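The structure under discussion appears below in the form of structure tokens.
All of these numbers come straight from a predicted model, not from anything done at the bench.
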Amino acid sequence: SNSVKVPVTQRSTNMAETKERSWHILVMGRGQSTAEKAEKHLHEIGYKNVRAMGVENTKEFDEKLIQMLHEREWDGVSIGK
């Protein structure tokens with residue numbers, strides 16, 4: 001037969017293993033200090049489009065979060081402590 005074999009490449013879905021560093025990532029942590037540390041770490045390992053915010057139990061925070069979620073299409077949203 002005249003079939004052509006095409007090599008199969010496997011693409012990683014693990015963000016840390018991909019070379020794609022342009023992902024838009026929203027990070028939320030307990031308190032602004034934790035969020036800032038997370039943002040700094042992600043910038044240091046090459047992710048440049050990161051926004052971080054400290055979680056607060058207020059109506060104002062809820063409104064700010066909703067606004068941020070709608071301001072762009074995020075590739076990832078991380079909620080940690």
Side-chain angles (χ1 to χ4, degrees):
S1 94
N2 290 336
S3 65
V4 176
K5 292 189 177 185
V6 178
V8 176
T9 58
Q10 191 172 15
R11 182 177 171 139
S12 173
T13 56
N14 182 341
M15 285 176 53
E17 295 175 2
T18 64
K19 293 185 180 188
E20 182 62 57
R21 302 292 186 178
S22 63
W23 291 20
H24 291 90
I25 304 169
L26 176 60
V27 177
M28 291 173 274
R30 182 174 53 182
Q32 191 58 35
S33 173
T34 302
E36 289 170 3
K37 288 177 188 175
E39 182 173 340
K40 181 180 177 196
H41 174 73
L42 288 167
H43 283 168
E44 288 172 351
I45 63 172
Y47 292 100
K48 301 302 178 198
N49 297 312
V50 177
R51 298 268 311 264
M53 56 193 299
V55 175
E56 301 171 18
N57 189 18
T58 65
K59 182 178 180 182
E60 292 80 17
F61 173 80
D62 293 347
E63 291 169 358
K64 181 178 176 181
L65 174 59
I66 291 167
Q67 178 185 357
M68 287 186 74
L69 290 170
H70 284 97
E71 81 180 29
R72 74 173 347 101
E73 287 191 32
W74 297 97
D75 297 301
V77 176
S78 175
I79 304 171
K81 59 177 182 171

Worked verdict on K64 versus M53 for side chain to side chain contact (heavy atoms under 4.5 Å, CB included): CA-CA 10 Å; K64 181 178 176 181; M53 56 193 299; 4.0 Å; yes
Set of residues satisfying side chain to side chain donor-acceptor pair (under 3.5 Å) with respect to E71, sequence neighbours excluded: R51
Within 6.0 angstrom of H41 NE2, more than 12 heavy atoms from elsewhere: no
Heavy-atom closest pair, residues G29 and A35: N-CB, 4.3 Å
Partners passing side-chain contact (heavy atoms from CB on, under 4.5 Å) against T58 (at least two apart in sequence or in another chain): E56, E60, F61
Hydrophobic cluster membership, V77 vs I66, 4.5 Å side-chain cutoff: no
Expected output: side-chain N49 to main-chain S22 donor-acceptor under 3.5 Å: yes
Reported CG-to-OH distance for the pair D75 and Y47, which is rounded to 0.5 angstrom: 10.5 Å
Side-chain touch M28/L65, heavy atoms, less than 4.5 angstrom: yes
Co-membership, hydrophobic cluster, residues I45 and V27, 4.5 Å side-chain: yes
Neighbour count >12 (heavy atoms, 6.0 Å) for atom NZ, K48: yes
Within-4.5 Å side-chain heavy-atom neighbours: E63 and Q67: no
I25 CD1 to H43 NE2 distance, which is reported to the nearest 0.5 Å: 9.0 Å
Residues in side-chain contact (heavy atoms from CB on, under 4.5 Å) contact with E36, at least two apart in sequence or another chain: Q32
Whether over 12 other heavy atoms sit under 6.0 Å from E44 CD: yes
